[in-house]
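A short worksheet on the structure shown next.
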Amino acid sequence: MSAVADRPFLDRSFFASDPVRCAEALVGCTLVWGACAGIVVETEAYAAEGDAACHTFRRPSARQFVADHPAGAAYVYFNYGMHWLANVLVKGEAEGFVLLRAVQPVAGLAWMRRRRGPRDVAELCSGPGRLARAFGIDGRHHGVDLCAGGRRGFLARVRTPEIVRGPRVGISLAQEKPWRFAVGGNPHVSRPRPG
DNA sequence: TTCGTGATAGAG
DNA sequence: TCTATCACGAAG
């Protein structure tokens with residue numbers, strides 16, 4: 001846990017931005033979740049306004065979530081009958097979410113393998129469903145504050161990564177928006193590789 | 001490429 | 001009640 005020790009979490013002002021900028025800024029930061037931690041290597045932005053792929057476009061419950069929670073709250077939902085997906089609420093100049101798509105594991109590898117099975121490190125968290133599974137993220141965490149200190153939050157970048165940008169993955173609407181961000185060439189990024 | 005699996009929301 | 005849809009992943 002030395003990679004995690006004695007550094008403060010990103011505070012709420014980090015998420016009081018807009019979802020696209022925030023998604024890019026989060027790449028290279030470290031996600032800390034209890035005993036597990038990983039460097040964020042891939043994100044996507046979803047805008048509450050004008051983005052047909054965002055849950056807020058169709059789901060009243062998502063709009064209510066935005067209204068009821070502060071920036072930096074976790075938005076966790078169950079999809080395809082089997083996968084949990086983890087997002088962070090952004091509320092600032094614009095509102096929306098940042099989907100956490102992949103991290104490079106740095107702590108808690110034993111826990112991740114216990115949940116995901118004995119896999120290669122590059123397979124542990126290289127996708128939003130995989131990441132949530134490896135970190136033990138599920139519906140219990142829907143709405144938790146990631147800017148409150150304690151066990152869960154983000155650490156600032158130690159280095160600025162080389163970020164590549166491309167279209168979002170796995171959506172049918174608003175595919176034209178290049179709102180996926182990833183660390184160029186990083187093996188922990190999900191497929192299809194951007195670039 | 002195909003299919004498992006379930007929450008959500010809107011229509012009937 | 002019924003149905004379409006869905007920000008996925010594992011196996012084949």
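Order of the sequence lines sets the chain letters (A, B, ...), proteins ahead of strands, with each chain counted from 1.
If you take CD of A/E123 and P of C/dA11, they are 11 Å apart, rounded to a whole angstrom. What separates CZ of A/R180 from P of C/dC8 is a distance of 10 Å, to the nearest Å. Between A/L173 atom CG and C/dA4 atom P there is a gap of 17 Å when expressed in whole angstrom units. Here the C1' atom of nucleotide C/dA7 and the NE2 atom of A/H83 are 11 Å apart, to the nearest Å. The separation between A/Y80 atom OH and C/dT5 atom C1' is 8 Å, rounded to whole Å. As rounded to whole Å, 15 Å separates atom P of C/dT5 from atom CZ of A/R59. Rounded to whole Å, atom C1' of C/dA11 lies 12 Å from atom CZ of A/R130.
Residue A/R101 has a polar side-chain atom (N or O) positioned under 4.0 Å from OP1 or OP2 of C/dC8. Between A/R116 and the phosphate of C/dG9, there is no side-chain N or O to OP1/OP2 separation shorter than 4.0 Å. Look at A/S61 and you'll find a side-chain N or O under 4.0 angstrom from OP1 or OP2 of B/dA9. Between C/dC6 and A/S172, a contact under 4.0 Å exists linking OP1 or OP2 to a side-chain N or O. For the OP1/OP2 pair of C/dA7 and a distance below 4.0 Å, the side-chain nitrogens and oxygens of A/H55 include at least one atom meeting the criterion.
For the pairing with A/E123, the salt bridge (charged side-chain N to carboxylate O under 4.0 Å, His left out) check across A/R133, A/R113, A/R130 returns one residue only, A/R130. The ring pair (Phe, Tyr, Trp, His ring centres under 6.0 Å) test with A/F97 singles out one residue from A/Y46, A/Y75, A/Y77, and that residue is A/Y75.
The base of C/dA7 sits within donor-acceptor range of the side chain of A/N87, with an N or O pair under 3.5 Å.
By the 5.5 Å and 30° criteria, A/Y46 is stacked with the base of C/dA7.
Taking the ring centroids of A/W33 and A/F135, they lie at or beyond the 6.0 Å cut-off.
A/S190 and A/R101 are linked by a side-chain donor-acceptor pair at a separation below 3.5 angstrom, with hydrogens and angles left out of the test.
C/dT5 and B/dA7 make up a base pair, with Watson-Crick or G-U wobble contacts both under 3.5 Å.
Within the 4.5 Å cutoff, side-chain heavy atoms of A/N186 are placed close to those of A/Q104.
Among the nucleotides B/dA9, C/dA7, B/dA7, the one closest to the side chain of A/F78 is B/dA7.
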